[in-house]
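Working notes, beginning with the structure itself.
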Amino acid sequence: MKKRTEIAKILKTPPLNAEITVMGWVRAFRSNRFIALYDGSSANTLQIVVDFEQFDEVLLKKISFHACLSVTGKLVESQGAGQSVEILAEQIEILGESNPEVYALQPKVQTMEFLREKAHFRMRTATFSAVFRIRHGVAYAVHKYYNDRGFYYLHSPIITGSDAEGAGEMFQVTTLNLDQPPRTEDGKVDFSQDFFEKATNLTVSGQLQAEIGALALGKVYTFGPTFRAENSNTSRHLAEFWMIEPEVAFYDIEDNMDLAEDFVKYLINYVLEHYPDDVALLDKRIQDLEKNMKMEDRRPMGLLDTLRFVIENDFERITYTEAVELLRNSKEFKKKKFEFEPEWGKDLQAEHERWLVEKHFKKPVIVRNYPKGIKAFYMRMNDDEQTVAAMDVLFPGIGEVIGGSQREERHDRLLQRMHEMGIEEEELWWYLELRKFGGCPHAGFGLGFERMVQFITGMGNIRDVIPFPRTPGYAEF
RNA sequence: GCCUCCUUAGCUCAGUCGGUUAGAGCGGCGGACUGUUAAUCCGUAGGUCCUUGGUUCGAGCCCAAGAGGGGGCGCCA
């Protein structure tokens, strides 16, 4: 294959007057003379200038939307206003035709819903290519952040033998014949004949295994796919999503909050620093979209301003009890604007979280010390015996981005909570033994990777920040 | 799982009170155009009005069921 130069490289340090080859897909062919070529390396296209008298008419006809080309020519300073450099085409080869009469995409604005059904083509569009470049950037930044701070990347299992991880409905994993599964004497499915000789599921969280790592390596994080068989139909939920779960020995809930805030700000900052063109493109996309919207439906700030604002300001930190008081003293509550009454002991509703984040504080909020009754068994009991050392990081637009806690390290207290919540000891014998032998205070949290990407890209639906979304009733591609 | 809205040309949508031949913009196609930037200009084709059943002299429009999609809620990340 001929050596090609990537567009990102050309734009960064233009090899002026050199003869180079570029390969990519056609975004536009204007005025019978100008091709906007895109190759994935950059949010920007490279302009190819064609003298149509030098090329065969049949070849020129094939330069259609999203056709794949190889172009060789001299790189020169552009005479036009929209770009700094351009290639004067000397050779054009059609690597892949794209018949516009039958091709699914069109050179025009198309809806996210439509493009979602064309997931095999949507990455070629300006918006989705920007989203997926940024998605990569965030993933890389996750590893860089933890590596630079002495954390170890721990691979938690995808197939799990315990169904007590407590984070939601699970997908079953089996090699048994579902038409005629073997039965035990009392008529139940006999999982002892299954591949693992027991019932297994896809993981809903790597946290419990991460705790094993933390109590040996000190600072670890997991970053892997997570599966929840919840019938959740929202723009913030996926059945298959990626989660980052740091777990740290000798951390309490305060340290945990500090880590969460610093981590999230780092990710945003990394993207702003390394993907400014993509962020600018997405920022402009939202502005264009909102031009036709009523003022009250528009975002209070543009994407870029929102991201900068989050980095530059401290997150608000309040307790659950304070949150409930604020909500009950709000004029919205007094005017009965809330559908649900904010009441101590009940979980905060989405409308309550939105009020705190978007109306009251107007910035990310960390709520901590929730009532024990609404949180998981492993969260550490506070001295008041009523609340646990849990924390949620709430973001504008998407709500909960992070959920975490200081873990209950006291064996007797953990056992007691497990009994209260009906969790079998045998199921988590190893988790209990961690508390018996060399246990210590520790804490961690889970960050929803797609929710983070959603926030950074400003995409409205989580299905548009993962290449191939899995949701109830949908597993295409 | 619950609530709600939507489904008309390739895409985005309009379609009045139930009435003759269902419209627009964009996209496509044909042509023009050698400095365009969502290019522009002229011309042109393109319809299972989501499906099934019903009401009616007559249904894109009314009713019922189903399918697909969006938004909201719950569950959470």
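Order of the sequence lines sets the chain letters (A, B, ...), proteins ahead of strands, with each chain counted from 1. The figures here come from the full heavy-atom set of this structure, side chains too, leaving out hydrogens, waters and symmetry mates.
- Regarding contacts with the backbone of B:U37, every side-chain N or O of A:R27 stays at 4.0 angstrom or more from both OP1 and OP2.
- In this structure, the side chain of A:E408 does not engage the main chain of A:F377 through any donor-acceptor pair within 3.5 Å.
- Listed nucleotides: B:U36, B:G28, B:G27. Nearest to the side chain of A:Q106: B:G27.
- Note that CG of A:L115 and CG of A:D464 are 8.0 Å apart. Values are rounded to the nearest 0.5 Å.
- With A:R463 contributing its side chain and A:R116 its backbone, the two residues share no donor-acceptor pair below 3.5 Å.
- Comparing the same atom, P, in B:C63 and in B:U56 gives a spacing of 16 Å after rounding to whole Å.
- Neither OP1 nor OP2 of B:A39 sits under 4.0 Å from any side-chain N or O of A:N32.
- When the P atom is used for both B:G19 and B:C5, the distance is 24 Å, rounded to whole Å.
- Here the side chains of A:D278 and A:V131 are not in contact, with every heavy-atom distance at 4.5 Å or above.
- Residue A:Q349 has a polar side-chain atom (N or O) positioned under 4.0 Å from OP1 or OP2 of B:G74.
- Residue-to-nucleotide contacts include no donor-acceptor pair under 3.5 Å from the side chain of A:Q79 to the base of B:U36.
- For the C1' atom pair drawn from B:U44 and B:U7, the interatomic distance equals 29 Å after rounding to whole Å.
- Of all nucleotides listed (B:G35, B:G27, B:G69), B:G27 comes nearest to the side chain of A:K108.
- One finds no side-chain N or O of A:R236 lying less than 4.0 angstrom from the OP1 or OP2 phosphate oxygen of B:G72.
- Proximity note for A:N233 (side chain, C-beta onward) versus B:C73, B:G10, B:G35: the nearest is B:C73.
- Side-chain to base pairing of A:S232 with B:C75: one donor and one acceptor N or O lie within less than 3.5 Å of each other.
- The base of B:G69 is not paired with the side chain of A:E113 by any donor and acceptor separated by under 3.5 Å.
- Among the heavy atoms of the strands lying under 4.0 Å from A:I402 are primed sugar atoms or P, OP1, OP2 only; no base atom is included.
- Side-chain atoms of A:P107 lie closest to B:G27 of the nucleotides B:G27, B:G31, B:G35.
- In this structure, the ring of A:F263 has its center less than 6.0 angstrom from the ring center of A:Y146.
- Remark: ring of A:F241 overlaps the six-membered base ring of B:A77 in a stacked fashion, centroids less than 5.5 Å apart, planes less than 30° apart.
- When each of A:F241, A:W242, A:F223, A:Y221 is tested with A:F449 by the rule ring-ring contact (aromatic ring centres under 6.0 Å, His included), just one qualifies, namely A:F223.
- Distances shown here put every side-chain N or O of A:R30 at or beyond 4.0 Å from the OP1 or OP2 atom of B:U36.
- In terms of phosphate contacts, A:R354 brings a side-chain nitrogen or oxygen within less than 4.0 Å of OP1 or OP2 of B:C73.
- Comparing atom distances between the A:A81 side chain and each of B:U12, B:U37, B:A77 picks out B:U37 as nearest.
- In RNA chain B, runs of at least 3 consecutive Watson-Crick or G-U pairs, each pair with both distances below 3.5 Å, span B:1-7 with B:67-73, B:10-13 with B:23-26, B:28-32 with B:40-44, B:50-54 with B:62-66.
- Residue-to-nucleotide contacts include no donor-acceptor pair under 3.5 Å from the side chain of A:Q110 to the base of B:U12.
- Between the base of B:G46 and the side chain of A:E101 there is no donor-acceptor pair shorter than 3.5 Å.
- Between A:S31 and the phosphate of B:A39, there is no side-chain N or O to OP1/OP2 separation shorter than 4.0 Å.
- Classified by interplanar angle (parallel below 30°, tilted 30° to 60°, perpendicular above 60°), the ring pair A:H352/A:F338 is perpendicular.
- Spacing of C1' atoms, B:U51 relative to B:A59, comes out at 16 Å, to the nearest Å.
- Judged by distance alone with a 3.5 Å cut-off, no donor-acceptor contact links the side chain of A:S235 to the base of B:G70.
- The pair A:R407-A:E247 counts as a salt bridge, with a side-chain nitrogen and a carboxylate oxygen less than 4.0 angstrom apart.
- Between B:C13 and B:G60, the two C1' atoms lie 14 Å apart (nearest whole Å).
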